[in-house]
**Student:** 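If you scroll down you'll find the structure; I have some questions about it.
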Amino acid sequence: MDKDQVAAVLVEIGTLLELKGENPFKTRAYTNAARVLEGLTEPLDRIVAEKRLGELKGFGEALQDKVTTLVTTGRLPYYEELKASLPAGLLHLLGLQGVGPKKVKKLYDALGVDSLEKLEAACQSNQVAELDGFGERSQAKILEAIAFKRQFASRHLLKDALVVAEPMLDALREHPDVIRCSTAGSLRRWKEVIGDIDFLASSKRPAEVIAYFVQQPGIQTVLAQGETKASVILGDGIQADLRVVSDAEYPYALAYFTGSKEHNIVMRQRAIARGLRLNEYGLFRSTEETRDPALRVPCHDEADIFRELGLDYVPPELREDRGEFAAGENHTLPRLLEWTDLRGSLHNHSEWSDGRNTLADIAAHMEELGLSYWAITDHSRASFQANGLDPHRLRRQLKEIAELNRQLADRRSDFRLLTGSEVDILKDGLDFDDDLLAELDVVVASLHVPASDEGENTKRFIRAAENPHVHMLGHLSGRLLLERDAYKLNQQAVIDACAATGTWIELNASPYRFDLDWRLWQYAKSKGVKCVVNCDAHKLEHANWIRLGAGLARKGWLTKADVINTLPLAELRAELKRKRSRS
Ligand code: DGT
Ligand code: CA
Ligand code: CA
Ligand code: ZN
């Protein structure tokens with residue numbers, strides 16, 4: 001097991017112990033240890049092999065033994081027994097928004113609740129409201145959370161779908177009978193949330209490809225297996241479909257199964273308007289439904305199909321019937337951002353607030369990735385739960401960053417850390433004075449504690465945008481995908497204020513957020529608002545989110561010129577000064 005897998009087990013042990021009502025210090029020791037492991041910069045197996053676990057903060061003998069067992073055997077009997085000693089349903093309850101281990105324990109002890117169904121019934125019969133520490137309001141919230149969870153039970157985050165789909169695609173490509181192969185459906189369109197994964201392959205021997213597919217590692221259940229298609233459930237509970245077609249049919253099938261449904265409808269109408277018929281088997285010279293190869297208009301790839309229908313090639317991300325047909329006819333489809341255009345991220349955290357890594361480790365890692373800059377924008381003091389910085393600590397951090405940048409300059413590296421803050425938007429202004437903000441390279445303003453009133457939240461954001469030191473607004477809607485809706489907010493009014501003040505808006509590339517939503521970027525762009533694709537990284541690995549965020553920017557029709565952090569460092573610095581010098 002690697003450090004992240006071991007850390008995940010430790011966190012789960014902490015949760016299980018909390019569910020059992022163990023002493024909080026004991027449970028916290030596990031979560032703290034998990035954080036230490038996640039922040040390691042050398043391989044965990046080396047530390048284990050050299051018996052140096054004891055040097056890590058908070059690692060007593062018992063913990064050292066457990067981690068050693070996990071790393072060397074991949075299993076831990078203690079953990080397995082602990083898990084078996086509690087009803088499995090309790091862990092499902094923990095997935096509910098606002099329901100932590102203490103509440104789950106209370107519900108279980110007092111009412112015997114060990115599943116979503118029992119919890120729902122207990123709420124409906126008003127038993128939960130009467131429990132100590134719950135009440136009417138929290139009972140209503142729990143019912144809402146259950147409804148929310150049900151609604152999304154069969155939907156998955158893009159990152160969770162990608163992590164299983166990409167290795168599967170590689171495996172399919174390796175098979176000698178596979179000619180062409182791709183993902184299709186919502187995954188290929190880079191939707192933020194995925195229902196099921198669709199694969200398409202072309203082959204002369206479909207049955208062999210299907211047989212190979214259903215035997216791949218990571219497949220939990222085979223739901224259906226035919227001559228040319230199969231449906232399976234992958235390890236994470238995600239369904240995946242594979243269809244295998246002839247290579248001649250492949251482009252039409254790929255276009256069809258990529259969708260979206262709305263896009264396909266217009267494509268079919270365009271075909272009909274030209275006296276043609278479009279379906280998953282081909283584009284046919286026919287006024288009736290057919291799959292007769294003799295009538296097929298030969299297309300080698302999707303671009304050929306679009307051309308036959310009077311359109312430039314439409315990238316999959318834009319196939320949502322949101323303007324791609326007009327633009328495809330007029331040759332005005334944008335040349336979309338590539339993730340390799342991005343040179344750094346302007347909203348990130350370090351161990352100074354709630355991130356996992358030191359400034360030096362962050363600089364080394366991001367330089368190694370070939371990026372040009374990386375802004376450290378830790379939380380401000382109002383975010384005390386995230387260990388936000390007060391002005392004094394922030395100024396100390398600025399000195400440390402200056403020193404690291406000096407060292408980079410000394411060894412002639414072009415990479416630089418930028419200073420900054422993710423400053424909280426409070427009820428009556430920002431968490432830091434303008435004087436302090438003026439000392440920072442990058443200022444991201446975010447709302448972490450929203451009001452319940454739409455007008456009030458909108459007003460707070462607009463006031464933040466009007467501040468000459470605020471470069472951009474962070475995760476505007478505050479949504480957490482599949483977990484929490486956007487706060488009450490007039491996003492359009494905030495976008496207008498950003499346009500008026502020259503404030504940028506972040507596309508938060510965290511796969512849990514992707515905020516601003518892709519559907520709003522065309523509007524923001526039409527108003528002249530620039531985008532910043534930010535990782536909001538709390539760990540080194542979160543730098544990989546750049547690719548995900550860039551995909552969502554593409555989905556929002558954004559080009560390299562629309563995105564500020566495609567600029568080289570010197571030009572970025574000039575842009576960072578522009579708003580301040582306006583006022
Ligand atoms: P998902 O899986 O819910 O995230 O969304 P999709 O878009 O992947 O939908 P899915 O897996 O049901 O079907 C894949 C594609 O196949 C879909 O984007 C368009 C095409 N498709 C499926 N059913 C129909 C249909 O009834 N009519 C049309 N025009 N296209 C369909
Ligand atoms: Ca799908
Ligand atoms: Ca499907
Ligand atoms: Zn934040």
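Atoms within each ligand, like the ligands themselves, are counted from 1 in listed order.
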**Student:** Salt-bridged, Asp177 to Arg205, with N to O below 4.0 Å?
**Tutor:**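 So Asp177 pairs with Arg205 through a salt bridge.
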**Student:** Return the orientation label for the Phe213 and Phe199 ring planes: parallel under 30°, perpendicular over 60°, tilted otherwise.
**Tutor:** perpendicular
**Student:** Measure distances from the Ca ion (ligand 2) and count the protein N, O or S atoms below 3.0 Å.
**Tutor:**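 Of the protein's nitrogen, oxygen and sulfur atoms, 3 lie under 3.0 Å from the Ca ion (ligand 2).
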**Student:** Say you draw a straight line from CZ of Arg270 to CD of Glu308; how long is it, rounded to the nearest 0.5 Å?
**Tutor:** 12.5 Å
**Student:** Taking the cut-offs as 6.0 angstrom to the six-membered ring centre and 45 degrees off its axis, would you call Arg243 and Phe257 a cation-pi pair?
**Tutor:** yes
**Student:** How would you list, by chain and number, the residues with a heavy atom under 4.0 angstrom from ligand 1?
**Tutor:** Gly185, Ser186, Arg189, Ile194, Gly195, Asp196, Asp198, Tyr256, Phe257, Thr258, Gly259, Ser260, Lys261, Asn264, Arg268
**Student:** Using the ring of Phe284 (Phe, Tyr or Trp, six-membered ring only), decide whether Arg277 places NZ or CZ under 6.0 Å from its centre and within 45 degrees of its axis.
**Tutor:**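 Not flagged: Arg277 not positioned over aromatic ring of Phe284.
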**Student:** Can you tell me how far CG of Leu96 sits from CD of Glu144, rounded to the nearest 0.5 angstrom?
**Tutor:**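 One finds 12.0 Å between CD of Glu144 and CG of Leu96.
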**Student:** Distance from Asn534 atom CG to Ile505 atom CD1, nearest 0.5 Å?
**Tutor:** 12.0 Å
**Student:** State, to 0.1 Å, how close Gly185 and Asp198 come at their nearest heavy-atom pair, and which atoms those are.
**Tutor:**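 The answer is CA-OD2, 3.6 Å.
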**Student:** Just verifying a value: how many Å separate Leu158 CG and Lys191 NZ, rounded to the nearest 0.5 Å?
**Tutor:**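 One gets 11.0 Å once the value is rounded to the nearest 0.5 Å.
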